[in-house]
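Accompanying notes for the structure given below.
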Amino acid sequence: MPLKVYNTLTRRKEEFVPLEKGKVKLYVCGVTLYDELHLGHARAAIVFDVVVRYLRHKNYEVNYVTNFTDVDDKMIARAKALKTSVFDLAKRFSADYFRQMKILQVERADHYPRATEHIKEIIELIKRLEEKGLAYCRDGDVFFRVRKFPSYGRLSGQSLENLAAGARIEINENKEDPLDFALWKKAKEGEPSWDSPWGKGRPGWHIECSAMAMKYLGESIDIHGGGRDLIFPHHENEIAQSEAATGKQFARYWMHNGLITLKGQKMSKSVGNVFTLSEALKKYSPEVIRYFFLSAHYRTPLEYDENSLKEAASSLERVYNLFERIRELRESPKKSFSEELQREREDLSKYLNEVEERFTFAMDDDFNTPSVLAVIFEGIKKANLLLQKEELLDEASYQLLLDLEKKIRSIGKILGLFQHQEREKLGERERRLIELLVKVRSKLREKKDWPLADEIRKELNELGIELEDKKDRTVWKVK
RNA sequence: GGCGGCAUAGCCAAGUGGUAAGGCGAAGGACUGCAAAUCCUUUAUCCUCGGUUCGAUUCCGAGUGCCGCCUCCA
């Protein structure tokens with residue numbers, strides 16, 4: 001079954017066919033380096049991280065480019081407010097970005113181009129547009145003639161008339177038409193600027209993406225991604241500029257991730273309801289945050305609330321509990337082949353035969369990660385069912401359990417989940433101390449000294465050490 | 001006002017033209033000295049009204065509600 005991708009351009013799921021067989025050119029709009037990352041940025045990063053991992057899993061050679069906007073109005077305003085330079089701001093927040101992405105286990109993109117490092121390419125692209133009569137300079141500003149690009153509005157489903165009718169009052173009187181947008185902005189006093197054929201200035205926001213995507217990926221790319229809120233005007237403008245300049249289709253598939261909402265509203269600086277990534281990371285592990293994002297389909301809006309994060313944590317617990325149970329069996333002797341386990345064994349075995357196909361089916365259907373998780377939990381249930389009869393466990397059953405764990409981990413690798421090997425590595429001395437306490441407690445239990453035994457369990461629990469009494473032994477784990 | 005999207009159990013969330021995955025939570029039960037973990041059972045007239053159909057939650061139309069975009073935004 002082929003991979004199907006929802007294409008914003010056509011508003012349909014379409015079979016994914018790359019321009020060049022076996023290769024994928026992917027460009028995703030990144031962040032503006034003017035403030036801390038919030039959960040919305042994290043979601044976008046994780047969504048496309050999974051897309052890339054899956055494409056690579058399918059043996060596509062992926063060239064993944066995501067940019068940094070390191071000069072624009074907000075950067076300038078923010079730098080001023082913090083009494084620093086745009087350059088320092090960019091340095092600080094890009095370092096922050098890489099640090100947090102690492103924590104979230106987001107794999108590195110192949111290129112992270114920055115606007116200020118591609119001024120030459122940007123100027124060249126604007127010149128091409130100017131030569132074709134699609135751009136005009138007025139008093140140091142350069143604008144794009146939107147009406148010269150007839151299919152403008154296709155991505156956002158807007159007609160030029162509607163856009164014109166809905167257009168807000170434009171401040172800039174240099175524009176021929178209110179719909180026109182800036183390709184190049186004349187520098188104001190004290191602003192960072194670069195020399196250009198139109199005088200000192202800096203690039204408009206949209207042009208950098210066109211120029212950099214073309215530089216690293218070529219004039220036509222396979223997938224262009226970003227948050228839903230970028231559809232208009234950013235992506236619409238990118239298409240106009242790029243296609244007007246080259247005469248070629250800019251991107252074949254446009255993928256947009258849904259936004260994070262808080263109390264039903266889009267999380268954004270302007271609404272003032274942002275929850276930063278670092279705040280979230282103080283309360284929840286990176287894996288919990290990843291799980292939370294992947295538990296919803298990437299295109300739907302996702303409401304941030306504490307309960308959902310706690311749910312994610314509990315769900316992950318269930319997975320790791322199973323791994324822990326399987327690990328517990330590593331050294332215990334296996335019984336001889338048991339007929340009694342036949343049903344559970346067959347059930348799990350059947351599941352193992354199908355799981356890869358079901359995983360692929362779900363992912364091929366526009367990266368349906370919630371379905372993937374459901375498939376995984378079915379397997380977990382089957383394994384637990386087999387473990388119900390732990391005392392009969394034979395070698396064949398044990399092997400099936402190992403296979404299951406391996407399978408879940410390999411699928412998890414594509415999602416960036418389920419990779420922890422052991423819960424927290426404790427020091428040797430600490431471990432032996434715990435084992436000593438467990439041993440003492442076992443003796444107390446033999447003597448039926450329940451109050452004291454329970455107290456030890458309770459206090460260890462408060463220290464994050466969880467004890468579970470099995471039939472013949474006590475196991476412990478770090479929470 | 002225009003364009004687009006969404007409405008599934010207490011909550012989160014997939015999905016299908018033939019009465020609905022999974023997770024979390026809750027209740028009852030099994031196991032346990034008690035817990036924990038695990039298992040079993042229970043927990044959905046799929047927003048409303050029309051239409052198409054043998055049959056719709058799934059398709060079409062209208063309505064209602066919510067959200068996004070039309071201005072910077074992942």
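Throughout, a chain's letter reflects where its sequence line sits, starting with A, and its residues are numbered from 1.
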Practice item. Identify which nucleotide among B/G15, B/G23, B/U38 has an atom closest to any side-chain atom of A/Asp365, counting heavy atoms from C-beta outward. Key: B/G15
Review point. Base, sugar-phosphate alone, or nothing: which one does A/Thr300 contact when heavy atoms must sit under 4.0 Å apart?
Key: sugar-phosphate
Review point. More than 12 non-hydrogen atoms from neighbouring residues, nucleotides or ligands closer than 6.0 Å to NZ on A/Lys350, yes or no?
Key: no
Review point. Can you tell me how far P in B/U42 sits from the matching atom in B/U32, rounded to whole Å?
Key: 24 Å
Check your understanding: Using a distance-only test with no angle check, is there a side-chain donor-acceptor pair under 3.5 angstrom linking A/Ser94 and A/Arg114?
Key -> yes
Exercise for review: Indicate the ring-plane relationship of A/Tyr298 and A/Phe367, choosing parallel, tilted or perpendicular according to the 30° and 60° boundaries.
Suggested key: perpendicular
Practice item. Could you let me know what B/G17 is paired to, Watson-Crick or G-U wobble, both distances under 3.5 Å, or none if it's on its own? Key: none
Check your understanding: Contacts to RNA chain B from residues 452-463 of chain A, heavy-atom cutoff under 4.0 Å, which residues?
Key -> A/Asp454, A/Arg457
**Study point:** A/Val31 side chain, from C-beta outward: closest of B/A74, B/C12, B/G4
**Key:** B/A74
**Study point:** Closest to side chain of A/Asp469, choosing from B/A35, B/G15, B/A74
**Key:** B/A35
Point to revise | Lys/Arg cation over aromatic A/Phe98: A/Arg108, 6.0 Å, 45° cone | key: yes
Point to revise | Residue mapping more 5' on RNA chain B - nearest nucleotide basis, A/Lys382 or A/Phe292 | key: A/Phe292
Review point. Going by the angle between their ring planes, with limits at 30° and 60°, are A/His206 and A/His234 parallel, tilted or perpendicular?
Key: tilted
**Study point:** A/Thr8 side chain to A/His256 side chain, donor-acceptor N/O pair below 3.5 angstrom
**Key:** yes
Practice item. Return the value, rounded to whole Å, for the distance between atom CD1 of A/Ile380 and atom P of B/U38. Key: 10 Å
Check your understanding: When the ring planes of A/Tyr216 and A/His111 are compared, do they come out parallel, tilted or perpendicular, using 30° and 60° as the limits?
Key -> tilted
**Study point:** Cation-pi, A/Tyr6 ring and A/Arg299 (6.0 angstrom, 45 degrees)
**Key:** yes
Exercise for review: Under 4.0 Å between any heavy atoms, over every strand shown, what does A/His234 touch: base, sugar-phosphate, or nothing? Just pick one.
Suggested key: nothing
Check your understanding: Could you state the CZ-C1' distance from A/Arg43 to B/C12, rounded to the nearest angstrom?
Key -> 13 Å
Practice item. With a 3.5 angstrom cut-off on both distances, give the Watson-Crick or G-U wobble partner of B/U45, or none if there isn't one. Key: none
Check your understanding: What is the base-pairing partner of B/A7, counting Watson-Crick and G-U wobble geometry with both distances under 3.5 Å?
Key -> B/U64
Check your understanding: When the distance from NZ of A/Lys381 to P of B/A37 is rounded to whole Å, what number comes out?
Key -> 15 Å
Exercise for review: Tell me whether the centres of the aromatic rings in A/Phe323 and A/Tyr320 are closer together than 6.0 Å.
Suggested key: yes
Point to revise | d(CZ, A/Arg441; P, B/A35) in whole Å | key: 13 Å
Practice item. Looking at every strand, decide which applies to A/Leu387 at a 4.0 Å heavy-atom threshold: base, sugar-phosphate, or nothing. Key: nothing
Study note, to complete from the structure: Using Watson-Crick geometry (N1-N3 plus N6-O4 or O6-N4) or G-U wobble (N1-O2, O6-N3), each under 3.5 Å, B/C69 is paired with B/G2
Review point. Reckon A/Lys266 has a side-chain N or O less than 4.0 Å from the OP1 or OP2 of B/C69?
Key: yes
Check your understanding: Of the candidate nucleotides B/A35, B/G4, B/A74, which contains the atom at the shortest distance from the side chain of A/Glu468?
Key -> B/A35
Practice item. From the options B/A74, B/A13, B/C12, select the nucleotide whose nearest atom is closest to the side chain of A/His38. Key: B/A74
**Study point:** B/A56 - base-pair partner by Watson-Crick or wobble geometry, distances under 3.5 Å
**Key:** none
Exercise for review: Scan A/Leu385 against the nucleic acid and name what it touches under 4.0 Å (heavy atoms): base, sugar-phosphate only, or nothing.
Suggested key: sugar-phosphate
Review point. Which parts of residues 442-451 of chain A get close to RNA chain B, meaning a heavy atom less than 4.0 angstrom away?
Key: A/Arg445, A/Trp450
Review point. Who is the Watson-Crick or G-U wobble partner of B/A30, with both distances under 3.5 Å?
Key: B/U38
**Study point:** Contact under 4.0 Å: A/Arg299 side-chain N or O vs B/C67 OP1/OP2
**Key:** no
Check your understanding: OP1, OP2 of B/U38 versus side-chain N and O of A/Arg325: anything below 4.0 Å?
Key -> no
Check your understanding: Is there a donor in the side chain of A/Asn321 and an acceptor in the side chain of A/Lys477, or the other way round, less than 3.5 Å apart?
Key -> yes
Practice item. Could you say whether A/Gly157 or A/Asn368 is positioned toward the 5' end of RNA chain B, judged by the nucleotide with the nearest heavy atom to each? Key: A/Gly157
